[in-house]
Amino acid sequence: MSDISRQRAWRRFKANRRGYVSLWLFSILFVLSLGAEVLSNDKPLLVHYQGEYYFPLFVTYPETAFGGDFVTETDYLDPFIRDRLSAGDNWALYPLNPYRYDTINYFAQAPNPAPPSAENLLGTDDRGRDVLARLIYGFRISVLFGLALTVIGVAIGIVAGAIQGYFGGRIDLYAQRFMEVWGSMPELYLLIIFASIFQPSLLLLIVLLSLFGWMGLADYVRAEFLRGRNMDYVRAARALGVSNRTIMWRHLLPNAMTPVITFLPFRVSGAVLALTSLDFLGLGVPPTTPSLGELLAQGKDSIDAWWLSMTTFVVLVGTLMLLIFIGEALRSALDTRQG
């Protein structure tokens, strides 16, 4: 794609106000979530105690450093510690939400799961952990998981589709038969089997889902390479002795990137939804990991705790809507039939 084509595509993308605004909103939310430790944490960002400065976010201090009796790590939510840090000229700068995703509020006034209050803006879950903190960290993990799965799937799909489409013949025939057999494998059953054998983790999920997530994109890349390999400029490059790798990379791949770029937001949204579904079924990340699916499962088990399912539903649906709007805008921007 030439520079002029890129500029025209960007102008068409900006003309789609819904997609353009969605891109900005999603980018801002994602960047903020990358600094989740600064926005939501049970440790102060900065402490001034008896004329000295402390950085609990980066350094672990014992309780005795602030007038306590124990040499264990300081619990900055303890009323005694808070009184010590606010007495006299002492002060502490806490994050906007003074809870981490695994922080248990032992001083809550209501039984868990506790409804929204001044202490916990979105309430607590069944273990007393702050829902807002788990949503922030869960959103970050979901988006990073979706991006990682998309990058791996796109890389494998481009390579597989390019080889099939460019060389054709028996290579294409054997690869298509392999994809038909591989695509018929029961993915959910394999996840259940591996989840019972190995310790659940994000890495395991990425590996398992990447084994199947590349096939849909490979078909589009294969079709573009099949269409372009007999073009005059490709034949001319072959006649000039240009290598197959150079032809595939420099001449055919740029023309085949339109469906790849168009489907990127939709693939990210699909990966986020897949992780949420697996966590909801108990086949995803470990229980201590913040997860949107795990909060939805708690909301299902505790119908009266409406804040668990409602807030998670809003975050999940909002994320998917933003990604879908971005994908629609990309599809419209890359449509060369538009002026």
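Nothing here was measured: the structure is a model prediction, and the numbers come from that model.
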Is it the case that the side chains of Tyr76 and Asp42 hold a donor-acceptor pair, with the cut-off being a distance below 3.5 Å and no angle test? no
Please lay out, stage by stage, how Leu316 and Val272 fare under the test side chain to side chain contact (heavy atoms under 4.5 Å, CB included). CA-CA 9 Å; Leu316 181 61; Val272 171; 4.2 Å; yes
For the side-chain hydrogen bond (donor to acceptor under 3.5 Å, both in side chains) test, which of Asn112, Asp130, Thr124, Asn120 pairs with Asn105? Asn120
Stepwise, does the side chain to side chain contact (heavy atoms under 4.5 Å, CB included) test hold for Leu34 with Arg140? CA-CA 7 Å; Leu34 292 178; Arg140 180 176 67 178; 4.3 Å; yes
Are Arg127 and Glu294 close enough for a salt bridge, meaning some N to O gap below 4.0 Å? no
So, Ser184 side chain and Val181 main chain: donor-acceptor pair closer than 3.5 Å or not? yes
Check: Arg134 side chain, Thr289 main-chain N or O, donor-acceptor pair, under 3.5 Å: yes
Candidate pair Arg229 and Glu224, rule side chain to side chain contact (heavy atoms under 4.5 Å, CB included), full reasoning: CA-CA 9 Å; Arg229 67 173 184 166; Glu224 293 293 330; over 6 Å; no
How are the rings of Tyr20 and Trp24 set to each other: parallel, tilted or perpendicular (split at 30° and 60°)? perpendicular
Salt-bridge present (Glu37, Arg100; N to O < 4.0 Å): no
Taking the basic N atoms (NZ, or NE/NH1/NH2) and the acidic carboxylate oxygens, is any pair closer than 4.0 Å for Arg129 and Asp102? no
Going by heavy atoms in the side chains, are Arg17 and Ser22 under 4.5 Å from each other? no
What about Phe225 and Tyr166, are their ring centers closer than 6.0 Å? no
May I ask you to decide if the ring planes of Phe66 and Tyr61 are parallel, tilted or perpendicular, using 30° and 60° as cut-offs? perpendicular
Has Asn90 got a side-chain atom pairing as donor or acceptor with Arg84's backbone, closer than 3.5 angstrom? yes
